[in-house]
Participant: 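Can you keep this structure in mind? I'll have questions shortly.
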Amino acid sequence: AAVVAVVLLVKKMMQLPSMSSSSSWFSTAQSDPCLPSLSRRQRIMGFLGCVVMGIICFSLAAMYAPLLLLKARKFALLFTLGSVFSLLSFSFLWGPVNHFKYLLSKERLYFTSVYIISLFGTLYFALSLQSTILTTIAAVVQVISLCVFVVSNIPGGQTGIRIMTSFCTSCLRTTVSKGLPV
């Protein structure tokens, strides 16, 4: 179901413009001075590759979440790496310079500041100070800001989330109704 959801998300991204209403995300990415020659397929593959690497890092970090008091540094490093992969995934779609400009736009500057500070704070508290409490606080702020980032960048915004949620819910209901005698 997750693979189907990602495929539907990619199809939706190919249809909807991401940054401006006058042009598609692909033409916006091609106008980027950094990596302008990447094809649509290469951009989507780079996006999916970064998303998969992010999911792997988040999954490994989730295994350390119950042991956060004992293994805070490992959790913080894996979770921060997953966050960086998530951030880089959108750079493949829009182009790195366009994505950087978007993150530093007036509307997004507050979010970007909180997100980057939480990334560096998590690393600093985990590696330099080795403080479990401060690492945990910075990681929680990082989780919240990453969720806001992902939700705000899904094509179609809240409509895209509703479509994905209804699709996953219907798949889950179908699977449960076939497997369980309810």
Side-chain angles (χ1 to χ4, degrees), residues 2 5-7 9-10 12-14 16-20 24-36 38-65 72-128 134-158 160-161 164:
V6 169
V7 169
L9 179 65
V10 170
K12 195 78 167 165
M13 282 188 305
M14 292 176 67
L16 294 173
S18 297
M19 290 180 24
S20 68
S24 71
W25 67 268
F26 185 63
S27 62
T28 303
Q30 283 182 317
S31 68
D32 191 81
C34 187
L35 305 173
L38 289 179
S39 69
R40 178 177 290 186
R41 180 185 169 107
Q42 289 171 329
R43 288 188 185 280
I44 292 173
M45 295 304 287
F47 169 76
L48 291 176
C50 284
V51 167
V52 166
M53 291 300 293
I55 289 171
I56 290 170
C57 289
F58 287 137
S59 299
L60 291 173
M63 287 193 269
Y64 285 110
R73 289 174 52 184
K74 288 183 181 181
F75 171 80
L77 291 173
L78 287 168
F79 194 83
T80 302
L81 189 59
S83 294
V84 169
F85 275 121
S86 297
L87 189 63
L88 287 176
S89 66
F90 289 100
S91 290
F92 271 100
L93 288 182
W94 296 347
V97 173
N98 288 335
H99 189 230
F100 186 71
K101 287 179 183 177
Y102 172 72
L103 289 175
L104 296 179
S105 67
K106 189 175 181 178
E107 306 84 34
R108 308 284 298 169
L109 190 57
Y110 176 74
F111 157 76
T112 303
S113 301
V114 170
Y115 185 62
I116 298 299
I117 289 170
S118 70
L119 280 173
F120 286 116
T122 304
L123 290 175
Y124 178 72
F125 296 142
L127 298 176
S128 207
L134 293 175
T135 301
T136 305
I137 292 169
V140 167
V141 171
Q142 188 179 347
V143 168
I144 293 168
S145 60
L146 180 65
C147 289
V148 170
F149 173 76
V150 170
V151 167
S152 68
N153 284 305
I154 288 178
Q158 292 178 351
I161 292 172
M164 293 299 294

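Here, residue 1 is the first one in the sequence, and each next residue gets the next number.
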Participant: Of all the heavy-atom pairs spanning Leu88 and Cys50, show the shortest one and how long it is.
Facilitator: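 In this case the closest contact between Leu88 and Cys50 is CB-SG, 4.2 Å.
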Participant: With heavy-atom distances below 4.5 Å as the criterion, would you say the side chains of Tyr115 and Leu87 are in contact?
Facilitator: yes
Participant: Could you measure the distance from the CE atom of Met63 to the CG atom of Leu78? Nearest 0.5 Å is fine.
Facilitator: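 Result: 8.5 Å between the selected atoms.
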Participant: Atom OH in Tyr110, atom OG in Ser145: separation rounded to 0.5 Å?
Facilitator: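 If we round to the nearest 0.5 Å, Tyr110:OH and Ser145:OG are 10.5 Å apart.
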Participant: I'd like to check Leu77 versus Leu127 (side-chain heavy atoms, cut-off strictly below 4.5 Å). Are they in contact?
Facilitator: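 The answer is yes; the side chains approach within 4.5 Å.
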Participant: To the nearest 0.5 angstrom, please state how far the CZ atom of Phe79 sits from the CG atom of Leu123.
Facilitator: 12.0 Å
Participant: Would you name the heavy atoms of Gln142 and Leu119 that are closest together and state the gap between them?
Facilitator: NE2-CD2, 3.1 Å
Participant: If only atom types and distance count, is the side chain of Ser89 paired as donor or acceptor with the main-chain N or O of Val51 below 3.5 Å?
Facilitator: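 Here the side-chain-to-backbone pair does not exist.
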Participant: Just by distance, do the side chain of Ser105 and the backbone of Tyr102 share a donor-acceptor pair under 3.5 Å?
Facilitator: yes
Participant: To the nearest 0.5 Å, what is the distance between OG1 (Thr136) and CZ (Phe75)?
Facilitator: 8.0 Å
Participant: Just how far is it from atom CZ of Phe58 to atom CG of Leu81, taken to the nearest 0.5 Å?
Facilitator: 9.0 Å
Participant: Say whether, by atom type as modelled, one donor and one acceptor occur between the side chain of Thr135 and the main chain of Phe125 under 3.5 angstrom.
Facilitator: yes
Participant: Going from CZ on Phe92 to CD on Gln42, what distance comes out if it is rounded to the nearest 0.5 angstrom?
Facilitator: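 The distance works out to 9.5 Å.
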Participant: Quick one: closest heavy-atom pair of Leu103 and Thr112, and the distance?
Facilitator: O-OG1, 2.5 Å
